[in-house]
Amino acid sequence: MPELPEVETIRRTLEPRVRGQVITEALVLHPSVVVTPEIQEFSSLLPGKKVIALDRRGKYLLFSLSEGYTLIWHLGMTGRLLWLEPEHILEPHTHVIITFKYHGQLRFVDVRRFGRCYLGYTQEVFRQAGLHDLGVEPLSPDFTIEKLAQITHSTRRHLKNLLLDQHYIAGLGNIYSDEALFWAGLHPLRVASSLDKKEIERLHQAICQVLKAGLSHGGTSIRDYVDGTGRKGNHQDYLAVYGKKGQPCPRCGKAIETLKVGGRTSYFCSRCQL
DNA sequence: CCCATGTCCTGCCAGC
DNA sequence: TGCTGGCAGGACATGG
């Protein structure tokens, strides 16, 4: 599932291909993917627009277009944005095809159809996509130890739930949350406000470390994730606990356990994470 | 306000 | 062997 490192890897692979390119056609094969505007407007607005830049905010990809428009994409769980030649076969579950003037297509392929896109004037579409309420960008200078302390002190929620909530920190999903909690030595059910200064520092360090590691390995490909050119990442080979139920903890050797937190599976070591 | 739970969606796989 | 039910989860809606 694309989390911050995966979305950023997709951004990096797509950016040089789409930047400066002019859209000639936008074809929507499955209407539920496009939240706003109406499909007809979506398809008529995009042709003629030029891609000025491709940015990322949390798990969202932001295509800055000419004339003050922005196209926002969230990939959900299984969504892929692929750069392909127009002659490439139509893969199953292809929902949107955006064609560019100089021979290339951006195709949105999503088996589970949790992915969504939004098009509109920048200010308005940011609001519609919920970007105004998004939490701190964890790999930015804004994400300081003090900022994390402020966040943990603000709620009595379980740590795992806090890490997954994009309103606090933007970009962590189930995989990197579990990995960060493991490296910080913190139990997923710890009450956020109970963390002391040392624990907050460890969590801050762990969050930054796991995201950078994921990024350096081109993301985690457990099942569906590939970058904008169809390449898998390697970070699945470096995971400590995620998906490793019953396997030995890399630190102490005790079998990794699971727990349901807020409907999500949490992988953790009951000896190392307190 | 705060937080937990339900919903969407389809492929996969354990278990019968 | 073939079927089935449960599981996977990001973000939003809902309701206590």
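We use all heavy atoms of the structure for the numbers below, so side chains are in, but hydrogens, waters and symmetry mates are not. Protein chains get the first letters and strands the later ones, always in sequence-line order, with residue 1 at the start of each.
- Proximity of A:Thr78 to the phosphate of B:dC9: no side-chain N or O atom is located under 4.0 Å from OP1 or OP2.
- The base of C:dA11 does not come close enough to the side chain of A:Arg116 for any donor and acceptor atom to sit less than 3.5 Å apart.
- Residues A:Tyr69 and A:Tyr121 place their aromatic rings such that the two centres sit under 6.0 Å apart.
- Between C:dG9 and A:Lys160, no contact under 4.0 Å exists linking OP1 or OP2 to a side-chain N or O.
- Whole-Å rounding puts the A:Arg157 CZ to B:dC2 P distance at 10 Å.
- Computed from coordinates, the A:His158 NE2 to B:dT5 P distance equals 10 Å when rounded to whole Å.
- The shortest distance between the side-chain N/O atoms of A:Tyr242 and the OP1/OP2 oxygens of C:dG9 is below 4.0 Å.
- Within the 6.0 Å centre-distance limit, the rings of A:Trp83 and A:Phe100 are counted as a close aromatic pair.
- One atom, CZ of A:Arg112, and another, P of B:dC12, lie 9 Å apart when rounded to the nearest Å.
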Quiz item: Please walk me through it: do A:Leu211 and A:Leu215 pass side chain to side chain contact (heavy atoms under 4.5 Å, CB included)?
Solution: CA-CA 6 Å; A:Leu211 291 176; A:Leu215 202 44; over 6 Å; no

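- A:Ala129 comes within contact range of the sugar-phosphate backbone alone, with a heavy-atom separation under 4.0 Å but no base atom that close.
- In this structure, A:Phe114 counts as stacked on the base of C:dG10 under the 5.5 Å centre distance and 30° plane angle limits.
- On a pure distance criterion of 3.5 Å, a polar donor-acceptor pair joins the side chain of A:Arg264 and the base of C:dG10.
- Proximity of A:Lys59 to the phosphate of C:dA11: a side-chain N or O atom is located under 4.0 Å from OP1 or OP2.
- Following rounding to the nearest Å, A:Leu75 (CG) and B:dT10 (P) show an atom-to-atom distance of 18 Å.
- Between A:Asp178 atom CG and C:dA8 atom P the separation is 12 Å, expressed in whole Å.
- A close approach under 4.0 Å does occur between a side-chain nitrogen or oxygen of A:Thr265 and OP1 or OP2 of C:dA8.
- Nucleic acid contact class of A:Glu3 (heavy atoms, under 4.0 Å, all strands): none.
- The residue A:Met77 sits close to a base: some heavy atom pair falls under 4.0 Å.
- Residue A:Thr155 is in sugar-phosphate contact alone, with no base atom involved, counting any heavy-atom pair closer than 4.0 Å across all strands shown.
- B:dT10 atom P lies 14 Å from atom CG of A:Asp224, rounded to whole Å.
- Neither OP1 nor OP2 of B:dT10 sits under 4.0 Å from any side-chain N or O of A:His93.
- Of the side-chain N and O atoms in A:Arg223, none sit less than 4.0 angstrom from OP1 or OP2 of B:dC12.
- Without hydrogens or angle criteria, A:Ser43 side chain to A:Gln40 main chain gives no donor-acceptor distance under 3.5 Å.
- Between A:His93 and A:Phe108, the gap from one ring centroid to the other reaches at least 6.0 Å.
- Both A:Lys260 and A:Tyr118 lie near DNA chain C, and the one whose nearest nucleotide falls closer to the 5' end is A:Lys260.
- Of all non-hydrogen atoms in A:Met1 and A:Ile175, the two that sit nearest each other are CE-CD1, 4.0 Å.
- Atom C1' of nucleotide B:dG11 and atom CE of A:Met1 are separated by 13 Å, given to the nearest angstrom.
- Nucleotide B:dC1 holds its P atom 12 Å from the OH atom of A:Tyr168, rounded to whole Å.
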